[in-house]
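Down below is the structure, laid out as structure tokens.
For reference, positions follow the sequence shown, starting with 1. From a predicted model like this one, the values you see are computed outputs, not experimental measurements. The figures here come from the full heavy-atom set of this structure, side chains too, leaving out hydrogens, waters and symmetry mates.
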Amino acid sequence: QVQLVESGGGLVQAGGSLRVSCAASGRTFNTYAMGWFRQAPGKEREFVAAITPSGGGTYYADSVKGRFTISRDNAKNMVYLQINSLKPEDTAAYYCAAHRSFGLVIAENEYTYWGQGTQVTVSS
């Protein structure tokens, strides 16, 4: 069982930066692939980024490539999403997710555990 708690969301001006964090419970965090998803009002939840259990591999949605960076600190049971050059269309609730895996997990329906989300709002 893994519990995930996101934090770090807020209201930011376009062009600014923000780092959202996800704290995970449990002693086997380094066996879980992690991902970030987001859901904008009136839209379906979409994949943003994923990272392997070791942190050595990452994958991004085309829409965020070059602006978002996913990272993790297995000693602290934390995963992060650094968001730069924020755009109004980045406004969404951001969710972290976990699934026990050896590699990357991309598909939403493969993730086992989900956090409650943190809201990021970008003003123009």
Side-chain angles (χ1 to χ4, degrees):
Q1 186 80 11
V2 176
Q3 292 184 322
L4 304 172
V5 179
E6 300 95 335
S7 62
L11 175 62
V12 185
Q13 286 191 328
S17 297
L18 194 68
R19 188 177 79 162
V20 291
S21 303
C22 175
S25 65
R27 293 179 290 180
T28 59
F29 178 68
N30 61 358
T31 65
Y32 285 82
M34 301 296 296
W36 283 98
F37 291 76
R38 66 183 180 184
Q39 186 169 21
K43 295 188 176 181
E44 293 186 354
R45 188 158 57 186
E46 64 174 356
F47 169 80
V48 174
I51 191 165
T52 56
S54 69
T58 58
Y59 184 80
Y60 297 92
D62 287 343
S63 59
V64 306
K65 206 172 291 183
R67 296 191 299 121
F68 288 26
T69 303
I70 187 172
S71 62
R72 66 190 295 162
D73 184 338
N74 285 344
K76 296 181 179 179
N77 280 21
M78 297 291 294
V79 63
Y80 306 101
L81 186 68
Q82 177 69 39
I83 309 173
N84 297 328
S85 302
L86 277 157
K87 304 175 182 180
E89 51 263 43
D90 294 321
T91 294
Y94 283 73
Y95 299 88
C96 70
H99 181 74
R100 180 162 275 172
S101 172
F102 291 109
L104 288 167
V105 178
I106 308 300
E108 179 177 349
N109 61 8
E110 291 187 17
Y111 279 96
T112 309
Y113 302 103
W114 292 83
Q116 84 292 344
T118 186
Q119 179 67 35
V120 173
T121 303
V122 184
S123 63
S124 57

Could you state the interatomic distance from [atom1] ([X]) to [atom2] ([Y]), rounded to the nearest 0.5 Å?
X	Y	atom1	atom2	answer
K87	S124	NZ	OG	14.0 Å
I83	S17	CD1	OG	9.0 Å
L81	R19	CG	CZ	10.5 Å
D73	N30	CG	CG	11.5 Å
L104	E110	CG	CD	11.0 Å
S63	E89	OG	CD	9.5 Å

Quick test of your reading: applying ring-ring contact (aromatic ring centres under 6.0 Å, His included), list the pairs with at least one residue in residues 80-103, sequence neighbours left out, ordered by first then second residue. none
Heavy-atom side-chain contact between [X] and [Y] under 4.5 Å:
X	Y	answer
S21	K76	no
R38	D90	yes
F68	W36	no
F29	M34	yes
Q119	T91	yes

With sequence neighbours left out, which residue pairs that include part of residues 53-118 fulfil the disulfide (SG to SG under 2.5 Å) condition? C22-C96
For I106 and Y59, work out which heavy atoms get closest and say how close. CD1-CD2, 3.4 Å
Taking all heavy atoms of Y113 and all of V2, pick out the closest pair and write down the distance. CD2-O, 3.4 Å
Membership question, hydrophobic clusters at under 4.5 Å side-chain separation (ILVMFWY): are L18 and M78 in the same one? no
Does L86 share a hydrophobic cluster with I70, counting links as ILVMFWY side-chain heavy atoms below 4.5 Å and allowing steps through other members? yes
Under 3.5 Å donor-acceptor, Q116 side chain and V5 backbone: no
May I ask you to decide if Q82's main-chain N or O and T69's side chain share a donor-acceptor pair within less than 3.5 Å? no
Over 12 non-hydrogen atoms of neighbours within 6.0 angstrom of NZ in K43: no
Please say whether more than 12 non-hydrogen atoms of neighbouring residues, nucleotides or ligands are located less than 6.0 Å from OH in Y60. yes
Please work out which of the three classes, parallel, tilted or perpendicular, describes the rings of F37 and F47, given edges at 30° and 60°. perpendicular
Side-chain donor-acceptor contacts of residues 48-57 below 3.5 Å, not counting sequence neighbours, with atom names and distances?
residue	atom	partner	partner atom	Å
T52	OG1	G55	N	3.4
T52	OG1	G56	N	3.2
T52	OG1	G57	N	3.0
T52	OG1	G57	O	3.4
S54	OG	G56	N	3.1

